[in-house]
Participant: 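Once you've had a glance at the structure underneath, I'll fire off some questions.
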Number of protein chains: 2
Amino acid sequence: MGAPCLLGPLPACGRFGVPAGEGAAGLGDSIQPARKNQHVSNVSVQLEMRSLWEEFNSLGTEMIVTKAGRRMFPTFQVKLSGLDPLADYVLLMDFMPLDDKRYRYAFHSSSWLVAGRADPAAPGRVHFHPDSPAKGGQWMRQIVSFDKLKLTNNLLDDNGHIILNSMHRYQPRFHVVYVDPRRDSERFAHENFKSFTFAETQFMAVTAYQNHRITQLKIASNPFAKGFRDCEPDDW
Amino acid sequence: MGAPCLLGPLPACGRFGVPAGEGAAGLGDSIQPARKNQHVSNVSVQLEMRSLWEEFNSLGTEMIVTKAGRRMFPTFQVKLSGLDPLADYVLLMDFMPLDDKRYRYAFHSSSWLVAGRADPAAPGRVHFHPDSPAKGGQWMRQIVSFDKLKLTNNLLDDNGHIILNSMHRYQPRFHVVYVDPRRDSERFAHENFKSFTFAETQFMAVTAYQNHRITQLKIASNPFAKGFRDCEPDDW
DNA sequence: ACGTTAGCACCTAGGTGATAAGCT
DNA sequence: AGCTTATCACCTAGGTGCTAACGT
């Protein structure tokens with residue numbers, strides 16, 4: 001996990017809103033500043049389990065945050081192409097606030113209401129994929145899974161987890177960073193990464209599920225959630 | 001896990017016997033050919049759980065091999081020092097036959113007997129530590145554990161496990177390989193690694209435990225073995 | 001009220017030796 | 001007879017949502 005200092009140029013986390021357009025067939029958005037290094041310019045990313053993400057998104061995805069850190073479900077997983085098989089890349093994720101609002105859930109109407117301005121945002125953290133850095137060929141060989149990533153609401157977390165505010169909305173982002181071997185690579189940092197946003201992965205951070213239909217979908221689709229069934233039981 | 005082609009120069013696996021001397025305080029043997037690159041020449045390695053290894057070794061350590069692959073217990077773990085914190089290293093293990101004999105266990109005398117010449121050796125495999133390559137600083141930060149390494153007796157294994165002959169004796173070896181960034185690094189391959197052997201980690205490969213005292217010590221010291229107790233139970 | 005926390009029962013996933021059956 | 005294999009019960013380790021208690 002040799003984290004290089006190539007992250008300054010990532011689009012700042014303090015802005016809201018996500019470029020709205022969505023690439024066809026679940027290809028990630030990558031609206032980028034002008035010119036990019038050829039090692040990243042042809043990179044494309046496909047979101048795995050897209051239909052499951054969309055099912056959650058249509059209900060309003062909620063992700064649990066806990067003091068100890070909680071994994072996301074669905075897990076953010078992507079298939080990569082267009083990397084230089086022999087070049088080194090670092091893969092990472094961060095989370096952008098989708099707006100500057102705080103929400104609360106109205107059980108009677110089963111809907112989210114704005115409850116005021118956002119709470120102060122914790123210092124933005126990033127999560128490096130633990131296999132970083134690795135060759136493009138390695139990254140493309142199989143699905144890249146961020147199943148070690150955990151979300152927490154503990155502002156004092158020292159486990160390196162992603163710190164989020166409960167009852168706030170977030171948009172996960174995925175970044176491919178080319179490890180530039182040139183001596184003065186810092187000067188090209190802004191050219192050496194490419195970022196991807198999948199609108200269907202946005203979610204509300206919560207400490208307990210609010211929408212009961214989200215709970216049910218989690219139980220139905222997450223093997224770790226009790227009551228998982230592969231198919232309809234016979235005697236029901 | 002980009003496995004570099006730096007492994008030709010590792011001491012050949014076809015010889016028997018291990019340099020007998022043992023470094024004081026569990027420091028690994030590293031009888032090396034002449035000159036070494038400065039990135040490895042000062043590397044030293046300390047075996048973890050040495051007293052447990054010695055306890056097993058005094059009884060005659062046995063390691064289970066299975067078709068599916070079985071972890072070693074004790075796990076081979078080391079503490080490293082003397083690496084260049086900013087340089088890349090690959091860490092790996094291999095296993096040398098300790099002799100060209102086949103053994104069998106005499107239950108009545110509780111001892112091992114030579115049962116003939118060794119069976120044909122499988123092509124020697126190596127196990128790269130899955131965090132490889134990584135910076136020296138990373139390797140030295142904490143204990144390096146080879147708990148993903150598995151032993152098999154399946155000559156056709158395609159899971160990348162270490163293939164051993166049951167009823168044969170082996171000596172684990174540990175190698176530190178400096179990832180030389182020079183263009184013509186192949187020419188210096190023989191200078192860029194350092195190997196370590198801990199005599200107390202040698203073992204007999206078996207498909208089922210032969211010495212009952214080994215079985216008891218495994219049960220007493222491996223948390224995964226049923227009946228593990230941290231201390232003597234009160235009502236015994 | 002409303003949101004958070006800790007403990008829990010219940011899962012998945014996988015590492016153990018024991019056992020009995022199978023092989024040569 | 002000697003060794004290997006498959007299966008099993010029993011562990012560790014850790015990911016779930018639920019619930020009741022807690023806090024503000």
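Only a predicted model underlies this, so the values are computations on that prediction, with no experimental measurement involved. Numbers restart at 1 for each chain; the letters A, B, ... are given by sequence-line order, proteins then strands. Atoms considered below: every heavy atom in the structure, side chains included; atoms not considered: hydrogens, waters and symmetry mates.
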Participant: Measure from CD1 on Ile64(B) to P on dG17(C) and round the result to the nearest Å.
Facilitator: 6 Å
Participant: Under 3.5 Å, which donor-acceptor pairs link side chains of residues 144-151 of chain A to any protein atom two or more places apart or in another chain?
Facilitator:
residue: Ser145(A); atom: OG; partner: Gln77(A); partner atom: OE1; Å: 3.3

Participant: Find the distance Met63(A):CE to dT16(D):C1' and express it as a whole number of Å.
Facilitator: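 Between C1' of dT16(D) and CE of Met63(A): 14 Å.
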Participant: For Asp94(B) and His175(B), does a side-chain donor sit closer than 3.5 Å to a side-chain acceptor?
Facilitator: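 There is such a pair (donor and acceptor under 3.5 Å, judged by atom type) between the side chains of Asp94(B) and His175(B).
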Participant: Look at the side-chain N and O atoms of Tyr105(B) and state whether any lies under 4.0 Å from the OP1 or OP2 oxygen of dG2(D).
Facilitator: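 For dG2(D), neither OP1 nor OP2 has a side-chain N or O of Tyr105(B) closer than 4.0 Å.
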Participant: Report the distance from atom CD1 of Ile214(A) to atom P of dG17(D), rounded to the nearest whole Å.
Facilitator: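 Roughly 11 Å, once rounded to whole Å.
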Participant: Between Gln46(B), Glu48(B), Glu54(B), which is the residue that forms a side-chain hydrogen bond (donor to acceptor under 3.5 Å, both in side chains) with Arg50(B)?
Facilitator: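 Testing Arg50(B) for a side-chain hydrogen bond (donor to acceptor under 3.5 Å, both in side chains) against Gln46(B), Glu48(B), Glu54(B) leaves exactly one candidate, Glu54(B).
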Participant: Look at the side-chain N and O atoms of Arg104(B) and state whether any lies under 4.0 Å from the OP1 or OP2 oxygen of dA1(D).
Facilitator: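 Answer no for this pair, as no side-chain N or O of Arg104(B) is under 4.0 Å from OP1 or OP2.
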Participant: What integer distance in Å separates Leu113(B):CG from dC3(D):P?
Facilitator: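 So the CG-P distance, Leu113(B) to dC3(D), works out to 10 Å.
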Participant: Does Lys218(B) have a side-chain nitrogen or oxygen under 4.0 Å from the phosphate oxygens OP1 or OP2 of dT16(C)?
Facilitator: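 Indeed not, no polar side-chain atom of Lys218(B) lies that close.
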Participant: Considering residues at least two apart in sequence or located in another chain, which fulfil the salt bridge (charged side-chain N to carboxylate O under 4.0 Å, His left out) criterion with Arg104(A)?
Facilitator: none
Participant: Regarding Lys150(B), tell me which of base, sugar-phosphate or nothing describes its non-hydrogen contacts under 4.0 Å with the strands shown.
Facilitator: sugar-phosphate
Participant: What is the separation between atom CZ on Phe224(B) and atom C1' on dG14(D), rounded to the nearest whole Å?
Facilitator: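 Rounding to the nearest Å, CZ of Phe224(B) and C1' of dG14(D) are 11 Å apart.
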Participant: OP1 or OP2 of dG15(D) sitting under 4.0 Å from any side-chain N/O of Arg71(A)?
Facilitator: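 Result: no.
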Participant: Expressed in angstrom and rounded to an integer, what is the separation of Glu62(B) atom CD from dT16(C) atom C1'?
Facilitator: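 Computing the Glu62(B):CD to dT16(C):C1' distance gives 15 Å.
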Participant: With the side chain of Ile219(B) defined as its heavy atoms from C-beta on, choose the nearest nucleotide among dT12(D), dA18(C), dG17(D).
Facilitator: dA18(C)
Participant: Checking Lys194(A) side chain against Val43(A) main chain: does a donor-acceptor pair fall under 3.5 Å?
Facilitator: yes
Participant: Is there a residue in residues 153-168 of chain A whose heavy atoms reach under 4.0 Å of DNA chain D, and which residues are they?
Facilitator: none
Participant: Given atom CZ of Phe107(A) and atom C1' of dC2(C), what is their separation to the nearest angstrom?
Facilitator: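 Atom-to-atom, Phe107(A) to dC2(C), this comes out as 9 Å.
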Participant: Report yes if the side chains of Met96(A) and Tyr170(A) come closer than 4.5 Å at any heavy-atom pair, otherwise no.
Facilitator: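 No, every pair of side-chain atoms sits at 4.5 Å or beyond.
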Participant: I want to verify a distance call: between dT16(C), dT4(C), dG17(C), whose nearest atom is closest to the Asn222(B) side chain?
Facilitator: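 The answer is dT16(C).
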Participant: Between Gln171(A) and Thr201(A), is any side-chain donor less than 3.5 angstrom from a side-chain acceptor?
Facilitator: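 The criterion, which ignores hydrogens and geometry beyond distance, is satisfied for Thr201(A) and Gln171(A).
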Participant: Nearest whole Å is fine: how far is dG15(C) C1' from Asp147(B) CG?
Facilitator: 11 Å
Participant: Nearest to the side chain of Ala225(A), heavy atoms from C-beta on, is which of dT16(C), dG3(C), dT16(D)?
Facilitator: dT16(D)
Participant: Thr215(B) has a side chain; which of dT12(C), dG17(C), dG15(C) sits nearest to it?
Facilitator: dG17(C)
